[in-house]
Amino acid sequence: NIAKEAHREIDSVLKKQYIQDAEHYIEKRQNEEAYRTYKQAIYHAPEDVVLREKIGDLLLSLARYEEALEAYEKAIAQQPENDRFYRKKGQALTFLGQHEAALAAYLQAARLRENDFALYKMIGDTFYILKRLDEAQEAYKEAMSLRSDDYQQYISLGNAFFKLNNYQEALDAYERAAHLNNDDAQIYMSKGKTLLALENYNEALVAYERVIVLNPDDPSPYVDKGYV
């Protein structure tokens, strides 16, 4: 028992040192070295699911998607009720072009964690890729019914609705984005195009004028304004 306790203590010390070293490599953008060091850490702590997740995240950043997927699947095996692992598994599968499997992972994450704006956006995007457009609409509407403090998420959601020719929902998303950030020219450019699609020309002109104020060197709003 004393020997086992001493061995556990050594493993703990080595794990902490390897993690510290890996994080230092990450700060220096030496991600391959960080990955090798994390691997040494997990050898001393195979039950550490958070460390396994970090390895998956690092592999994802290195575009080593199959290895990232393997890391997330091992994390799920250890902690099957963690929605975050399913979401990241879905991202790895998306990068691998395995969209049906990615959708299954995202849906499992949604079952474990309700009311997640970004997750329903991912689900909608995956339905869209699979050309299941009605289900994409429903997922995007579910996201819209939730709240996000990230204006970029609303821009992304607005773009998704626009691609589906759902211009009113797109406009609502862009207006939420503008409420969170009134100084982003991209929001008003997208809003102008949406108002144009809705044939609301006067408000489209107002949106393009706002783009010109925020980004006077961009020729795009002048072109669209001329069209109006």
Side-chain angles (χ1 to χ4, degrees), residues 56-57 59-66 68-73 76 82-181 184-200 203-204 207 211 220 224:
D57 293 348
L59 287 164
L60 205 64
S61 74
L62 291 166
R64 292 164 63 174
Y65 304 127
E66 290 184 357
L69 176 61
E70 182 182 352
Y72 295 136
E73 286 180 335
I76 288 168
N82 191 315
D83 64 280
R84 196 172 64 247
F85 300 156
Y86 288 99
R87 180 199 303 253
K88 291 180 177 182
K89 176 182 177 179
Q91 289 174 310
L93 287 162
T94 297
F95 282 119
L96 289 167
Q98 298 178 31
H99 299 297
E100 290 283 2
L103 179 61
Y106 291 142
L107 290 172
Q108 180 60 26
R111 282 189 283 271
L112 294 169
R113 180 184 177 87
E114 298 177 354
N115 304 326
D116 188 309
F117 183 104
L119 183 54
Y120 279 100
K121 173 63 171 54
M122 291 177 184
I123 291 169
D125 290 344
T126 309
F127 276 131
Y128 183 86
I129 291 167
L130 293 168
K131 301 188 186 306
R132 293 163 63 175
L133 302 186
D134 289 343
E135 290 161 292
Q137 285 265 29
E138 289 305 311
Y140 290 141
K141 286 180 180 178
E142 184 66 30
M144 196 68 178
S145 73
L146 304 171
R147 288 285 171 184
S148 173
D149 295 326
D150 183 355
Y151 77 96
Q152 292 281 2
Q153 291 278 15
Y154 284 116
I155 294 174
S156 180
L157 187 57
N159 294 345
F161 278 124
F162 192 93
K163 286 191 298 185
L164 290 167
N165 301 323
N166 190 336
Y167 301 124
Q168 188 56 56
E169 292 278 6
L171 181 60
D172 290 346
Y174 295 136
E175 286 180 342
R176 289 195 192 181
H179 179 73
L180 292 170
N181 184 348
D184 190 307
Q186 179 190 359
I187 296 170
Y188 289 94
M189 192 68 201
S190 299
K191 185 177 176 181
K193 289 182 180 297
T194 306
L195 288 162
L196 198 59
L198 289 167
E199 299 183 357
N200 193 336
E203 288 190 40
V211 179
S220 301
D224 284 7

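Below, all heavy atoms of this structure are taken into account, side chains as well, without hydrogens, waters or symmetry copies. Treat the numbers as computed from the prediction; the structure is a model and nothing was measured.
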### Message
Contact between Asp134 and Glu138 at the side-chain level, heavy atoms closer than 4.5 Å - yes or no?
### Response
no

### Query
Would a distance-only check, ignoring hydrogens and angles, find a side-chain to backbone donor-acceptor pair under 3.5 Å from Tyr106 to Gly90?
yes

### Summary
Nearest heavy-atom contact between Val211 and Met189 is CG2-N, 3.3 Å

### Task
Might you confirm whether atom CD of Glu66 has over 12 heavy atoms from other residues, nucleotides or ligands at distances under 6.0 Å?
no

### Task
Considering only NZ, NE, NH1 and NH2 on the basic side and carboxylate oxygens on the acidic side, decide whether Lys121 and Asp125 come within less than 4.0 Å.
yes

#### Entry: Check: Gln108 and Lys89 side chains under 4.5 Å, non-hydrogen atoms
no

### Query
Just by modelled atom types, is the Tyr188 backbone N or O under 3.5 Å from a matching donor or acceptor in the Tyr174 side chain?
no

### Task
Indicate yes or no for a side-chain donor-acceptor contact from Ser156 to the backbone of Gln152 under 3.5 Å, with no hydrogens or angles considered.
no

### Task
Please identify each residue that fulfils ring-ring contact (aromatic ring centres under 6.0 Å, His included) with Phe161, with sequence neighbours left out.
Tyr140

### Query
Which heavy atom in Ala136 sits nearest to a heavy atom in Gly124, and how many Å separate them?
CB-O, 3.5 Å

### Query
Can you find a heavy atom in the side chain of Leu157 that is under 4.5 Å from one in the side chain of Phe162?
no

### Message
Using the salt bridge (Lys or Arg N to Asp or Glu O under 4.0 Å) criterion, which residues pair with Asp57? Sequence neighbours excluded.
### Response
Lys88

## Note on the structure
CG of Asn200 to CG of Leu171, rounded to nearest 0.5 Å, is 8.0 Å

### Message
Nearest 0.5 Å, please: how far is CD1 in Ile155 from CG in Asp150?
### Response
8.5 Å

### Message
Rounded to the nearest 0.5 Å, what separates atom CD in Glu135 from atom CD1 in Ile123?
### Response
11.0 Å

### Message
If the condition is ring-ring contact (aromatic ring centres under 6.0 Å, His included), which residues does Tyr151 pass it with, not counting sequence neighbours?
### Response
none

### Query
Rounded to the nearest 0.5 Å, what separation is found between the CD1 atom of Ile129 and the OG1 atom of Thr94?
6.5 Å

### Task
Taking ring-ring contact (aromatic ring centres under 6.0 Å, His included) as the test, write out the residues that go with Tyr154, two or more places apart.
Phe117

### Query
Atom CD in Gln91, atom OG1 in Thr126: separation rounded to 0.5 Å?
10.0 Å

## Note on the structure
Residues at least two apart in sequence or cross-chain that pass ring-ring contact (aromatic ring centres under 6.0 Å, His included) with Tyr128, listed by chain then number, are none

### Task
Show the numbers, then the answer: is there a side chain to side chain contact (heavy atoms under 4.5 Å, CB included) between Tyr120 and Asn115?
CA-CA 8 Å; Tyr120 279 100; Asn115 304 326; 6.0 Å; no

### Task
Provide the closest heavy-atom pair for Arg84 versus Asn82 in the form atom of the first, atom of the second, distance.
N-OD1, 2.9 Å

#### Entry: Residue pair Asn165 / Tyr167, side-chain donor-acceptor N/O under 3.5 Å
yes

### Where Ala204 and Leu196 come nearest, the two heavy atoms and their spacing
CB-N, 4.1 Å

### Query
Are any non-hydrogen side-chain atoms of Glu203 and Leu198 less than 4.5 angstrom apart?
no

### Message
I need the minimum non-hydrogen distance between Arg87 and Ala109, along with the two atoms involved.
### Response
N-CB, 3.9 Å

### Message
With heavy-atom distances below 4.5 Å as the criterion, would you say the side chains of Glu169 and Gln137 are in contact?
### Response
no

### Task
Sort and list the pairs that fulfil salt bridge (charged side-chain N to carboxylate O under 4.0 Å, His left out) and have at least one residue in residues 97-111, not counting sequence neighbours.
Glu100-Arg132

### Query
Does a side-chain heavy-atom distance below 4.5 Å link Tyr65 with Leu93?
no

### Message
Applying the side-chain contact (heavy atoms from CB on, under 4.5 Å) criterion to Tyr86, which one of Ile76, Leu107, Leu119 satisfies it?
### Response
Ile76

#### Entry: Interatomic distance, Met122 atom CE to Asp116 atom CG [nearest 0.5 angstrom]
8.0 Å

### Task
Might you confirm whether atom CD of Glu175 has over 12 heavy atoms from other residues, nucleotides or ligands at distances under 6.0 Å?
yes

### Query
Of the non-hydrogen atoms in Phe127 and Leu103, which two are nearest, and what is the gap between them?
CE2-CD2, 3.5 Å

